[in-house]
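Residue numbers start from 1 in every chain, and the chains themselves are labelled A, B, ... in the order their sequence lines are given, proteins ahead of strands.
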Amino acid sequence: MADTSPILLWFRRDLRLSDHPALTAAVKTGRSIVPVFLRDGLLDDLGAAPKWRLGLGVGCLAEALQDKGSRLILRSGDALEQLTQLIDETGAGAVYWMRAYDPQSVERDTKVKETLKEQGVEARSFAGHLMFEPWTVETKQGGFYKVYTPFWNAVKTRDVAEPLAAPGEIKAPGRWPDSETLDDWRLGAAMDRGADVVRPFVQLGEQAAQARLGAFMASKVADYNDARDIPGTDGTSCLSENLSLGEITPQQCWHAGLRAREEGKPGAETFLKELVWREFAYHLMWHTPRLLTDNWREDWEAFPWNEDERKAEVKAWKQGRTGIQFVDAGLREMYVTGRMHNRARMIVASYLTKHLMCHWKIGMQWFEDCLIDWDPASNAMGWQWSAGSGPDATPYFRVFNPVTQLDRFDKDRAYVQRWLGKPGAKLTGDAARYFDAIPKSWNMEPDDHYPEPVVNADEGRKRALEAYENRDF
DNA sequence: TCGCGGTTGAT
DNA sequence: TCAACCGCG
């Protein structure tokens with residue numbers, strides 16, 4: 001007799017109903033489905049903004065499930081214990097989920113799968129957070145890729161799974177288990193600046209993500225090659241926010257990008273390459289999890305990084321008052337919006353790791369606390385790329401000049417004026433919003449005159465290069 | 001997905 | 001005088 005027991009659908013960073021292989025497989029069995037989201041230790045450890053944004057996403061998913069006559073059951077505690085408890089309560093005979101790739105999730109999920117199987121419960125994980133499973137991309141020598149371009153060449157012509165439609169119906173169980181409430185979880189509690197500051201910049205959920213993708217392909221992609229580098233314009237897709245929580249899949253983006261390329265849109269190929277950068281970051285994290293925690297090139301351990309977070313220069317950097325306009329604009333943008341333009345990310349990272357000679361981990365952690373598009377693999381890879389300690393990284397001696405970058409990428413000063421205000425004028429708009437957002441303890445007032453550089457562009461460059469030349473590796 | 005200081009060579 | 005180019009960190 002066919003198994004008719006319910007299936008637990010364990011949602012994690014896959015907050016969508018379309019192109020969801022685990023959900024599709026569960027629906028296909030004809031069995032009832034109990035969607036569940038768990039607040040475990042890994043969730044508690046998230047940075048302030050990512051945790052808050054995750055909560056919004058979970059709420060949105062719960063509504064989408066309700067529209068399908070289903071629900072999202074919320075529980076707190078150790079994942080295995082909670083799943084076991086729910087299996088007891090619902091009589092579920094299976095748990096399905098979408099695979100994660102960061103080492104902590106892998107460790108947790110491996111143990112969950114093992115234990116459930118021992119207990120006779122079917123435990124299935126599905127691919128879909130990535131287009132290419134990290135272990136399927138190999139060099140001719142059988143190793144993993146450490147350089148982006150060969151990685152791109154290895155995957156660019158692969159078939160990418162066609163996105164799945166959202167299920168029409170999600171069969172409810174006879175009786176629903178109890179659920180905690182999102183409000184009780186207080187996932188925004190660590191947001192010093194208050195969630196209301198960032199909320200207007202959020203594009204929440206699956207529908208919004210699809211709208212973003214549509215808008216990008218309808219117009220922005222044509223100009224993407226150039227516009228994506230100009231932080232004063234709206235030239236990027238902004239999909240990182242939704243990709244990060246699985247509100248949209250890379251497969252959905254990929255196929256849209258392929259269509260745009262066939263239509264001859266010039267920026268489409270670049271967009272596809274950006275999606276593959278995300279894959280590459282996961283590939284590296286999978287094969288070398290130390291990407292998240294240590295210098296990927298081990299000899300960089302010997303470099304005299306400043307690791308003291310309390311240093312005045314570090315504070316100035318975080319608080320957007322280094323006195324370097326491009327740097328401060330980027331950091332203020334991040335604090336207010338929970339995002340930062342990629343050009344600015346490279347510049348603030350170069351300034352922190354080179355001019356200020358600070359360890360990239362300090363920057364990585366600040367980003368982790370502030371970004372609503374935070375992604376463990378991309379964040380770590382990006383920082384190690386900038387610092388020069390990563391695979392396929394920019395060499396340490398490649399120092400961005402944050403002043404000349406302004407002339408190249410913010411010619412009309414639209415970006416720095418948006419975040420720092422116009423010279424001599426009263427602060428308005430987002431420049432003013434920043435001062436409403438920051439904590440009192442930062443001791444910054446709108447009337448303060450703009451600071452002198454904590455380390456100016458030329459001297460910082462010189463100092464960094466000297467340290468590099470004197471390195472003993 | 002860089003920047004600088006230097007050289008070259010046209011004007 | 002200066003744009004273009006080169007070599008190197």
Side-chain angles (χ1 to χ4, degrees), chain A residues 145-153 156 220-221 223-233 235-238 240 266-281 284 296-297 299-300 302-305 324-327 329-330 339-357 360 363-364 367 373 375 377-411 415 453 455-473:
Chain A
Y145 284 98
K146 302 173 186 72
V147 181
Y148 173 77
T149 304
F151 181 83
W152 160 254
N153 287 326
K156 66 183 177 190
K220 290 202 262 185
V221 67
D223 222 22
Y224 186 58
N225 281 331
D226 298 318
R228 75 199 188 95
D229 250 335
I230 311 297
T233 67
T236 65
S237 76
C238 293
S240 56
E269 173 99 350
T270 310
F271 178 72
L272 295 175
K273 282 187 169 169
E274 292 299 321
L275 290 171
V276 169
W277 269 107
R278 175 178 175 277
E279 301 282 323
F280 185 51
L284 292 171
W296 190 87
R297 296 176 193 274
D299 40 9
W300 279 88
F303 194 71
W305 301 110
I324 303 287
Q325 292 183 58
F326 218 147
V327 174
R339 331 174 38 89
M340 194 196 300
H341 191 278
N342 186 246
R343 172 58 49 184
R345 292 189 200 207
M346 293 190 286
I347 291 167
V348 305
S350 172
Y351 189 76
L352 182 73
T353 56
K354 305 195 177 166
H355 293 80
L356 301 184
M357 284 180 56
W360 52 267
M364 182 179 78
F367 274 31
D373 70 358
D375 177 286
S378 299
N379 195 34
M381 182 189 69
W383 274 97
Q384 298 227 44
W385 181 87
S386 289
S389 61
D392 199 17
T394 171
Y396 185 84
F397 52 72
R398 188 180 283 184
V399 181
F400 284 73
N401 182 326
V403 177
T404 55
Q405 286 273 315
L406 211 49
D407 285 331
R408 288 176 56 188
F409 298 108
D410 194 33
K411 254 192 192 28
Y415 183 64
V455 172
N456 82 34
D458 296 342
E459 283 163 26
R461 175 192 168 79
K462 248 182 242 160
R463 197 173 67 168
L465 291 180
E466 266 167 38
Y468 180 68
E469 279 160 44
N470 296 333
R471 76 195 185 283
D472 50 7
F473 58 88

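With a 4.5 Å cut-off on side-chain heavy atoms, A:Tyr468 and A:Lys354 do not count as touching.
Remark: A:Lys156 pairs with A:Trp152, A:Asn153 by the side-chain contact (heavy atoms from CB on, under 4.5 Å) rule, at least two apart or across chains.
Residue A:Phe400 contributes atom CZ, which lies 15 Å from atom C1' of B:dC4 at whole-angstrom precision. Summarising the geometry, the separation between CD on A:Glu459 and C1' on B:dG3 is reported as 17 Å, rounded to the nearest angstrom. The CG-P distance, from A:Asp410 to B:dT1, rounds to 20 Å in whole Å. Taking atom OH of residue A:Tyr396 and atom C1' of nucleotide B:dG3, one finds them 15 Å apart after rounding to whole Å. Rounded to a whole Å, the NE2 atom of A:His355 is 15 Å from the P atom of B:dC2. Distance A:Leu406 CG to B:dC2 C1': 16 Å, rounded to the nearest Å. For A:Gln405 and B:dG3, the CD to C1' distance is 10 Å, given to the nearest whole Å. Rounded to an integer number of Å, the gap from CD of A:Glu466 to P of B:dC4 is 15 Å.
A sub-4.0 Å separation between OP1 or OP2 of B:dC4 and a side-chain N or O of A:Asn401 is present. For the OP1/OP2 pair of B:dG3 and a distance below 4.0 Å, the side-chain nitrogens and oxygens of A:Thr404 include at least one atom meeting the criterion. For the OP1/OP2 pair of B:dT1 and a distance below 4.0 Å, the side-chain nitrogens and oxygens of A:Arg408 include no atom meeting the criterion.
Remark: the backbone N or O of A:Ala457 is paired with a side-chain donor or acceptor of A:His355 at under 3.5 angstrom. Under the 3.5 Å distance criterion, the side-chain polar atoms of A:Asp299 are left unmatched by any main-chain donor or acceptor of A:Phe473.
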Distances under 3.5 Å only, N/O to N/O: pair up the protein atoms with those of nucleotides 7-9 of chain C.
{"unit_1": "C:dG9", "atom_1": "O3'", "unit_2": "A:Glu469", "atom_2": "OE2", "d": "2.5"}
{"unit_1": "C:dG9", "atom_1": "N2", "unit_2": "A:Phe397", "atom_2": "O", "d": "3.3"}

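For the side chain to side chain donor-acceptor pair (under 3.5 Å) with A:Arg343, the qualifying choice from A:Thr236, A:Asp410, A:Asp229 is A:Asp229, the only one to do so.
Counting all heavy atoms, side chain and backbone alike, A:Asp392 lies closest to A:Trp277 at OD2-CH2, 4.3 Å.
Counting any heavy atom pair closer than 4.0 Å across all strands shown, A:Arg345 reaches no nucleic acid atom.
Ring centers of A:Tyr396 and A:Phe303: under 6.0 Å apart, within the cut-off.
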